[in-house]
Amino acid sequence: MSVVTAGRLASTDIARLDPYQFMAVIGKRVIHPGGRHSSEALIAMADFSPDHRVLDVGCGVATTAIEIARRFGSDVTAVDISLLMLQRAQSNVQAAKLAGRIAVENGNILELAYGDNRFDRVIAEAVTMFVDRPRAAAELVRVCAPGGRVLATEFFWRKPPTPQAREIFLGQVCPGMQVDTLEDWVAIYQAAGLADIRVELGPFEMMTPRGFLADEGLGHSMAIMGRVMSRISYMRKMAWLMPRIHRAVPYLGYILVCGNKSN
């Protein structure tokens, strides 16, 4: 997508935004399938410490990177391929006064610009499912130091979807996304070189009313809705998006994969 600037987007540009970019534009802070609950589970499994070098791949608007730096004092490199996301991530990092702890950089999960064994913790929330999954998982493991830990949150099918639900979600809402079973995701990360793999499963509630409020809080949720109501193009995009997402909600969940890189 060519339109990625932080300025005011034209109506045609808004219509072309993918769901993640659109959520960032309207101000949503938690933009991945497990919502804030899965981020907290990831943080607990990661066992961060101040001396850890952390890589957050597909950082989005940097919500998780900010949380890690603020709570644990870790140095975080936050990368994303989307310039729109990077602009918002940089703005959020500066607002949090954490520019000294968080470096926001452009990066591609399939070709990370870092040497082998560079980071103690490598995380990716809802990223590998958009690309060549085995190759992406191998890159996450490659840049992780021996004895380090890789953690990733992905969509998975909680139960087999109807053909219509599958087509709506993967064909219309998120073209190009690949959603696998629990066993498939574990096999991908095992093949990439992780050991002692643990998983946590949960529902896809990010875009349900309950999940939205839990992730954003009442005040910020109201602010987001106010922003949506401020432009007809936002309202049209939301009116197109929400019914389609809700058709897939009963079948989708999130899986959090956590594994160690052997010494």
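Quick note: numbers below take in every heavy atom, side chains included, and nothing from hydrogens, waters or symmetry partners. This is a predicted model, so every value here is computed, not measured. Numbers here are sequence positions counted from 1.
- Using a 4.5 Å heavy-atom threshold, the side chains of N117 and P146 count as touching.
- Within a 6.0 Å sphere centred on CE of M222, other residues, nucleotides and ligands contribute 12 heavy atoms or fewer.
- The closest side-chain heavy-atom distance from L110 to D132 is below 4.5 Å.
- Here the closest non-hydrogen pair linking A89 and V104 is CB-CG1, 4.1 Å.
- Across every non-hydrogen atom of V150 and L140, the tightest pair is CG2-O, 3.8 Å.
- For A165 against Y251, the heavy-atom pair with the smallest separation is CB-CE1, 3.6 Å.
- Between F156 and R158, some side-chain heavy-atom pair lies under the 4.5 Å cut-off.
- Counting only heavy atoms from C-beta outward, the side chains of P50 and S74 never approach each other to under 4.5 Å.
- The side-chain contact (heavy atoms from CB on, under 4.5 Å) test with V30 singles out one residue from E216, M23, E125, and that residue is E216.
- With hydrogens and angles left out, the side-chain atoms of S49 and D51 include a donor and acceptor closer than 3.5 Å.
- Taking the side chain as every heavy atom from C-beta outward, F119 and V54 never approach each other to under 4.5 Å.
- Y189 is linked by a ring-ring contact (aromatic ring centres under 6.0 Å, His included) to nothing, counting only residues two or more places apart in sequence or in another chain.
- Under the 4.5 Å side-chain criterion, counting only non-hydrogen atoms from C-beta, M229 is in contact with M235.
- A salt bridge is absent between R53 and D75: the closest approach of a Lys/Arg side-chain nitrogen to an acidic carboxylate oxygen does not fall below 4.0 angstrom.
- Nearest approach of L83 to N106, heavy atoms of both residues: CD2-ND2, 3.8 Å.
- A ring-centre distance under 6.0 Å is found for Y20 and F130.
- With contacts defined as side-chain heavy-atom distances shorter than 4.5 Å, the pair I43/R71 qualifies.
- Ionic pairing of E67 and R36 is not present here: no N-O contact between side-chain nitrogen and carboxylate oxygen is shorter than 4.0 angstrom.
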Take F169 and F155 through the test ring pair (Phe, Tyr, Trp, His ring centres under 6.0 Å) and record every step on the way to the result.
CA-CA 12 Å; F169 191 70; F155 274 118; 5.4 Å; yes
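- For R133, the CZ atom sits in a packed shell: over 12 heavy atoms of surrounding residues, nucleotides or ligands are nearer than 6.0 Å.
- At distances below 3.5 Å, at least one donor-acceptor pair connects side-chain atoms of R227 with backbone N or O atoms of I26.
- No continuous path of hydrophobic side-chain contacts links I81 to I31 [ILVMFWY only; heavy atoms under 4.5 Å].
- For the pair D180/W157, no side-chain contact is recorded, criterion being any heavy-atom separation below 4.5 Å from C-beta on.
- With sequence neighbours excluded, no residue forms a salt bridge (charged side-chain N to carboxylate O under 4.0 Å, His left out) with E183.
- Taking both residues in full, the closest heavy atoms of S82 and D80 are given as N-OD1, 3.0 Å, listed atom of the first, atom of the second, then distance.
- With sequence neighbours excluded, the residues that form a side chain to side chain contact (heavy atoms under 4.5 Å, CB included) with H37 are E200, Y254.
- Open room surrounds CZ on R210; 12 or fewer heavy atoms of other groups in view lie less than 6.0 Å from it.
- Residues E105 and Y114 have side chains that bring a donor and an acceptor to within less than 3.5 angstrom of each other.
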